[in-house]
Structures are given as structure tokens and as C-alpha cells.
Engineer: 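Submitted below is the structure of interest, expressed as C-alpha cells.
Residue numbers begin at 1 in each chain, while the letters A, B, ... track the order of the sequences. Model, not experiment: these values are computed from the prediction.
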Amino acid sequence: MHPLLIIYHELLQRYGKQGWWPLFACVGGNPTKTGSLQGYHPGDYSYPKNERQQFEICAGAILTQNTAWVNAEQALINLRTLRAVTPKSLMTLPDQALKKAVMPAGYFNQKAKKIREFTQCYLSLQGRAPTREELLAVWGIGNETADSILLYAYKIPVFVVDAYTKRIFSNLGFVDADAEYDEVQEIFTRHVPADMKIYQEYHALIVEHAKRHYGRGLDWKQCPLYRKYRRAPEKISLRWGSAGSLRAVAW
DNA sequence: AACCAGGACGTGA
DNA sequence: TCACGTCATGGT
């Protein structure tokens with residue numbers, strides 16, 4: 001078994017199933033915080049159960065860009081209160097109201113626009129799943145957001161790479177510190193079975209691990225992964241990058 | 001009171 | 001391609 005898969009199992013054993021993506025818990029028809037009691041759904045991969053939840057995940061993926069989840073969550077709750085977490089109602093929402101609702105997630109000018117841009121794309125899909133290229137063509141949707149949407153909203157086995165993934169696994173010696181998104185993604189794709197459940201858990205587990213060991217004031221060199229699995233990127237092989245450039249990568 | 005959060009885009013070299 | 005700068009609120 002490849003170390004990247006061993007590490008996955010270790011994280012799973014340590015932290016347990018994460019139950020991503022966080023969804024609204026509805027108590028008495030009122031929106032409550034995601035992740036509270038019924039919000040997360042550890043071990044249940046049947047979500048999203050409907051288009052409402054599917055769209056909620058997409059909106060959340062945009063709102064949480066470079067932002068703590070609690071802030072994106074508050075923005076979602078505001079939208080939910082306005083009954084605007086649905087494509088049609090969101091498009092009829094005045095720009096001012098949208099920005100106000102999205103405010104706690106930060107970058108409210110940009111994120112209001114991003115959500116609108118995506119919603120337009122979402123409507124044009126008429127229920128079918130978008131391709132990665134279609135998502136990337138939307139203004140405001142980059143690599144990570146596109147892959148998060150594909151993986152969590154559409155259950156397509158695409159490995160999500162975030163800043164934590166790069167930090168942790170470059171520290172461990174599995175990828176270059178300056179590796180690009182696609183490069184990191186390809187390494188995981190190559191060694192981790194293309195199982196949507198595993199991909200969902202792995203990404204969530206990486207975030208959890210980072211929260212526990214990579215926060216400020218914490219020493220990531222003391223984390224259990226670093227002690228166990230750290231390896232020097234000694235074996236260097238030459239590979240062709242996506243742009244056709246030859247570059248050395250750790251193998 | 002800095003520093004950072006489950007990024008993405010625009011710009012000038 | 002590369003290296004910055006910009007966007008913005010809220011928690012620690």
C-alpha cells in the first residue's frame with residue numbers, strides 16, 4: 001500500500017469520519033448552524049439528497065474561499081433566512097441584499113458576483129453535472145472550488161487540493177513546496193483509489209489535521225505524521241509538467 | 001494587535 | 001510563466 005493511502009487510514013483512525021460537506025440542519029423548519037448535531041453526516045455518503053442541498057454545497061464552496069467556515073456558514077444562514085439558497089430566488093435577489101447577506105464571509109463584493117456567475121452556470125446546466133472545464137470557465141471558480149463542487153455536490157471522484165494539502169505533504173516530502181495544483185492532485189490521484197467516499201474523507205481529514213497541528217502557536221513538526229512518515233525527497237525523477245516543461249519532482 | 005481562514009483574479013514584468 | 005497586489009470579515 002502506498003504511503004499516501006496508509007496516511008489516509010491513519011488520519012481516519014485518529015479523527016474518525018468527518019461527514020463532509022456540512023449542510024444545514026433544519027429544526028422546526030428553521031435553518032440552524034451547519035455541523036450542529038444533524039448538520040454533519042459522518043459515514044453517510046448519500047448527500048446531497050436533493051438539488052437544494054446540491055446548490056447549498058456549491059454556494060458554500062464559493063463562500064468559504066480563503067475564509068473560515070463559521071463565517072461562510074453565517075453568510076449561508078443569512079441567505080437561507082432570505083429563502084435565497086436556490087438558483088431562481090438568488091437571481092431575483094437585489095444586489096444590495098445579496099452583498100449584505102454574504103458580508104460575514106468577507107470579500108462580499110467579489111463573492112456576491114461569484115455566486116451570481118455560478119448560479120447562471122448552474123441554471124444553464126438544467127440538472128446535469130458540470131464538467132471541470134465548465135466550472136473553471138466561471139468567473140470566481142478556480143481549481144479548488146471547482147473540484148470541491150464536483151466531489152461534494154456531484155460525488156465525482158476528483159481529489160481536492162487546498163493550501164493545507166500542499167503544506168502538509170510538502171513538509172512530509174511527497175511533493176515540492178512550490179508544486180502547482182494539478183501536480184499535487186495528480187500524485188494523490190495516482191496513488192489513492194478513485195473512490196468518491198475516500199476522496200471526500202481524505203480532504204476533510206487533511207483540513208482537520210491542519211486545524212490540530214498547523215494552527216498558529218502549534219509546531220507542525222510535532223505532529224504524528226511528521227514523525228512517522230516524513231521522508232526526504234531524495235529520489236528525484238524527471239517528469240513532464242502540464243506545460244510541457246521538464247521538471248524534477250520527488251518520487 | 002497582528003495574523004490567519006477549507007482562494008481567485010488582475011497586473012506588470 | 002512569475003511574483004505580487006487586491007479583495008474583507010471575524011476569530012484568536
Side-chain angles (χ1 to χ4, degrees), chain A residues 11 15 17-23 33-35 39-40 47 56-79 95-96 98-118 121 132-153 158-170 176-185 188 199-220 240-248:
Chain A
L11 290 175
Y15 308 140
K17 296 176 178 175
Q18 300 300 298
W20 277 30
W21 189 275
L23 289 164
K33 286 192 171 188
T34 61
Y40 283 69
Y47 294 92
E56 178 188 331
I57 293 172
C58 297
I62 292 172
L63 290 172
T64 196
Q65 287 175 357
N66 201 37
T67 300
W69 176 251
V70 285
N71 296 332
E73 179 182 55
Q74 187 55 55
L76 268 181
I77 291 174
N78 292 344
L79 287 175
D95 202 54
Q96 197 173 3
L98 179 55
K99 287 183 179 179
K100 184 180 177 184
V102 160
M103 186 99 65
Y107 312 101
F108 58 88
N109 286 303
Q110 292 190 352
K111 284 181 178 175
K113 181 182 176 185
K114 289 179 180 182
I115 286 188
R116 253 197 236 288
E117 295 276 336
F118 168 77
C121 168
R132 190 169 195 269
E133 289 68 35
E134 285 173 326
L135 287 174
L136 291 176
V138 177
W139 187 90
I141 296 187
N143 288 315
E144 187 188 335
T145 306
D147 290 339
S148 292
I149 288 174
L150 291 172
L151 179 61
Y152 291 104
V158 178
F159 200 93
V160 177
V161 176
D162 64 354
Y164 291 143
T165 313
K166 289 183 187 175
R167 283 225 293 275
I168 294 172
F169 288 91
S170 67
D176 279 353
D178 59 350
E180 294 176 33
Y181 187 97
D182 301 307
E183 213 171 324
V184 179
Q185 183 181 51
F188 281 90
Y199 282 11
Q200 287 190 351
E201 288 294 353
Y202 208 161
H203 174 60
L205 286 166
I206 286 169
V207 174
E208 180 61 25
H209 181 73
K211 283 177 180 171
R212 298 193 189 208
H213 298 283
Y214 278 72
R216 4 154 305 312
L218 300 176
D219 184 9
W220 54 265
W240 282 270
S242 54
S245 59
L246 195 62
R247 57 187 306 165

Engineer: When all nucleic acid strands are considered with a 4.0 Å heavy-atom cut-off, which category describes A/I62: base, sugar-phosphate, or nothing?
Structural biologist: nothing
Engineer: Salt bridge or not for A/K166 and A/D178, using N-O below 4.0 Å?
Structural biologist: no
Engineer: Once you round it to whole Å, what is the distance between C1' of B/dA8 and CZ of A/R116?
Structural biologist: 19 Å
Engineer: Please check the phosphate of B/dA8 (OP1 and OP2 only) for any side-chain N or O of A/T145 closer than 4.0 Å.
Structural biologist: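 Yes, within the criterion.
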Engineer: Have a look at A/Y107 and say if it touches a base, only the backbone sugar-phosphate, or nothing, with a 4.0 Å heavy-atom cut-off.
Structural biologist: base
Engineer: Round to the nearest Å and state the distance from A/K114 atom NZ to C/dT6 atom C1'.
Structural biologist: 11 Å
Engineer: In whole Å, I'd like the distance from the CZ atom of A/R216 to the C1' atom of C/dG10.
Structural biologist: 14 Å
Engineer: For A/V102, answer base if it contacts any base atom (sugar-phosphate contacts may also be present), sugar-phosphate if it contacts only those atoms, and nothing otherwise; contact means non-hydrogen atoms under 4.0 Å.
Structural biologist: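 No contact.
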Engineer: Are side-chain heavy atoms of A/V160 and A/Q200 found at a separation under 4.5 Å?
Structural biologist: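 They are not in side-chain contact.
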Engineer: When you check the side-chain N and O atoms of A/K114 and A/T145, is any donor under 3.5 Å from an acceptor?
Structural biologist: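 Per modelled atom types, A/K114 and A/T145 side chains form no pair under 3.5 Å.
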Engineer: Taking CD from A/E180 and C1' from B/dA8, how many angstroms apart are they, rounded to a whole number?
Structural biologist: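 It works out to 15 Å between those atoms.
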Engineer: Rounding to an integer number of Å, can you tell me how far A/L218 CG sits from B/dC4 P?
Structural biologist: 13 Å
Engineer: What's the CD-P distance between A/E117 and B/dC9, to the nearest Å?
Structural biologist: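 Computing the A/E117:CD to B/dC9:P distance gives 10 Å.
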Engineer: Between A/N71 and A/G142, which is nearer to the 5' end of DNA chain B once each is assigned its nearest nucleotide?
Structural biologist: A/N71
Engineer: Verify the distance criterion only: is there a donor paired with an acceptor across the side chains of A/D147 and A/Q185 at less than 3.5 Å?
Structural biologist: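 Yes, side-chain donor-acceptor contact under 3.5 Å.
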Engineer: Has A/R167 got a side-chain N or O lying under 4.0 Å from the OP1 or OP2 atom of B/dA5?
Structural biologist: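 So the side chain of A/R167 is within the cut-off, an N or O lying under 4.0 Å from OP1 or OP2 of B/dA5.
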Engineer: Can you tell me if the side-chain N/O atoms of A/W139 get under 4.0 Å from OP1 or OP2 in B/dG10?
Structural biologist: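 Indeed, a polar side-chain atom of A/W139 lies that close.
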Engineer: Could you give the distance separating C/dA8 and B/dT11 at their P atoms, to the nearest angstrom?
Structural biologist: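 The same atom, P, in both gives a distance of 15 Å.
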Engineer: Tell me: CD of A/E73 to P of C/dG11, nearest whole Å?
Structural biologist: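 To the nearest whole Å, that distance equals 11 Å.
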Engineer: For A/E144, which contact category applies under a 4.0 Å heavy-atom criterion: base, sugar-phosphate, or nothing?
Structural biologist: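 Sugar-phosphate, backbone atoms only, no base.
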Engineer: Can a salt bridge be assigned to the pair A/K113 and A/E117 using a cut-off of 4.0 Å between side-chain N and carboxylate O?
Structural biologist: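 The answer is no: the pair does not qualify as a salt bridge.
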Engineer: Rounding to a whole Å, what distance do you find between A/Q65:CD and C/dG10:C1'?
Structural biologist: 17 Å
